[in-house]
Amino acid sequence: MELKQNSARVHSHKNYELNFILSGSGKRIVGNNISGFEKNDLVLLAPNVPHCWEITATDEGETAKCIVIHFYENLITSDFFNKPELESIVNLLHKAEAGIFFNGSAISKIKALLKELTQKSGLESYIGLLRIFKYLIECENKEFLSRQPVGVSDFDKDFDKINKIYEYVFKHIHQEIKLSEVSALLNMAPGSFCRFFKKKTQLTFMDYVIKIRVGYAAKMLAETNKQITEIAYDCGYNNLANFNHYFKKIMQKTPSGYRKEFC
């Protein structure tokens with residue numbers, strides 16, 4: 001499957017999804033998390049989790065590409081998976097309600113198995129999927145992306161409205177985000193919108209934006225060599241003091257202190 005630059009749109013579906021980036025980098029949204037991604041990014045999603053990947057850069061001469069594997073929602077309730085030997089797989093899939101990012105030495109092996117799986121069908125595809133699950137479970141580094149599970153049952157009939165808000169924040173994370181513009185997306189007055197968002201997410205809208213920005217900044221601090229001032233700007237902060245204040249409030253350490261943990 002090929003990803004096109006700047007074609008991202010938040011969506012969800014009733015299947016599990018395993019998403020592996022072969023080439024390209026950019027931003028992704030999983031539930032209420034926005035963070036950067038790059039080549040060899042591997043994420044497992046449960047059904048109904050809002051998500052999208054936006055390609056913002058590719059290496060010269062490369063086309064942005066990914067492998068996306070979908071498997072049915074009722075997989076873990078089938079008789080085939082109702083066995084003690086497969087309990088660890090079922091547990092992993094339940095945890096995917098928050099979106100799971102995998103990293104570690106097993107990624108190269110999983111990449112090879114995913115490429116093989118795209119050429120298989122029938123029983124061979126099930127066997128290939130089980131082999132991939134084995135390595136996913138053994139991955140030494142797993143990160144839960146969403147601050148809280150955000151399945152469709154949380155938002156019921158307002159699921160599309162919440163997705164529209166998440167998509168707006170995703171697209172404008174590096175800019176000033178105005179409450180009046182966001183509330184207008186749902187044809188609500190700002191006060192009504194704030195009450196609606198708090199009821200559905202247990203966060204104020206501005207607290208949500210701050211957490212998203214800090215989470216995105218933490219990703220860049222850990223994975224890039226960008227200057228802290230540049231990262232602050234990329235996350236929508238024109239004032240470095242404000243950026244440092246909110247980052248320390250949420251992460252319990254300064255941006256420079258956080259980066260040192262990865263040096």
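Just so it is clear, the structure is predicted and the values come from calculations on it, not from any experiment. Heavy atoms only: backbone and side chains are in, while hydrogens, waters and symmetry mates are out.
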*Can you name the ring pair (Phe, Tyr, Trp, His ring centres under 6.0 Å) partners of Phe20, sequence neighbours left out?*
none
Kindly list each side-chain donor-acceptor pair under 3.5 angstrom involving residues 240-249, sequence neighbours excluded, with atom names and distances?
from   : atom 1 : to     : atom 2 : distance (Å)
Asn244 : ND2    : Leu240 : O      : 3.3

*Which pairs with one or both residues in residues 175-188 pass side chain to side chain donor-acceptor pair (under 3.5 Å), sequence neighbours excluded?*
Tyr168-Glu181
*Give a yes or no on whether Lys95 atom NZ has more than 12 heavy-atom contacts from other residues, nucleotides or ligands under 6.0 Å away.*
no
*Heavy-atom closest contact (Tyr16 atom, Leu93 atom, distance)*: CE2-O, 3.6 Å
*Tell me, please, which residues at least two apart from His174 pass side-chain contact (heavy atoms from CB on, under 4.5 Å).*
none
_Any pair counted as salt bridge (charged side-chain N to carboxylate O under 4.0 Å, His left out), so long as it reaches residues 185-196, sequence neighbours left out_ = none
*Verify the neighbour count for atom CG of Asn225: are there more than 12 heavy atoms of other residues, nucleotides or ligands below 6.0 Å?*
no
*Hey, are the side chains of Arg259 and Ile228 touching, using non-hydrogen atoms and a 4.5 Å cut-off?*
yes
*Kindly state whether the ring of Tyr208 and the ring of Tyr166 have centres lying under 6.0 angstrom apart.*
yes
*asked:* Restricting to non-hydrogen atoms, name the atom on Leu136 and the atom on Lys142 that form the minimum distance, rounded to 0.1 Å.
replied: O-CE, 3.2 Å
Could you list the donor-acceptor pairs under 3.5 angstrom formed by side chains in residues 103-121, with sequence neighbours left out?
from   : atom 1 : to     : atom 2 : distance (Å)
Ser105 : OG     : Glu140 : OE2    : 3.3
Thr118 : OG1    : Lys115 : O      : 2.6

*Not counting sequence neighbours, which residues clear ring pair (Phe, Tyr, Trp, His ring centres under 6.0 Å) with Phe196? List them please.*
none
*Among all residues two or more places apart in sequence or in another chain, which pass the side chain to side chain donor-acceptor pair (under 3.5 Å) test with Thr229?*
none
_Shared-cluster residues of Leu123, by chain and number - hydrophobic side chains joined below 4.5 Å_ = Ile127
*Among all residues two or more places apart in sequence or in another chain, which pass the ring pair (Phe, Tyr, Trp, His ring centres under 6.0 Å) test with Tyr233?*
none
Validation: residues 38-47 side-chain donor-acceptor distances under 3.5 Å, sequence neighbours left out:
from  : atom 1 : to    : atom 2 : distance (Å)
Asp41 : OD1    : Arg28 : NE     : 3.3
Asp41 : OD2    : Arg28 : NE     : 3.4
Asp41 : OD2    : Arg28 : NH2    : 2.9

*Can you list the residues that meet the side chain to side chain donor-acceptor pair (under 3.5 Å) rule with Lys226, with sequence neighbours excluded?*
Asp234
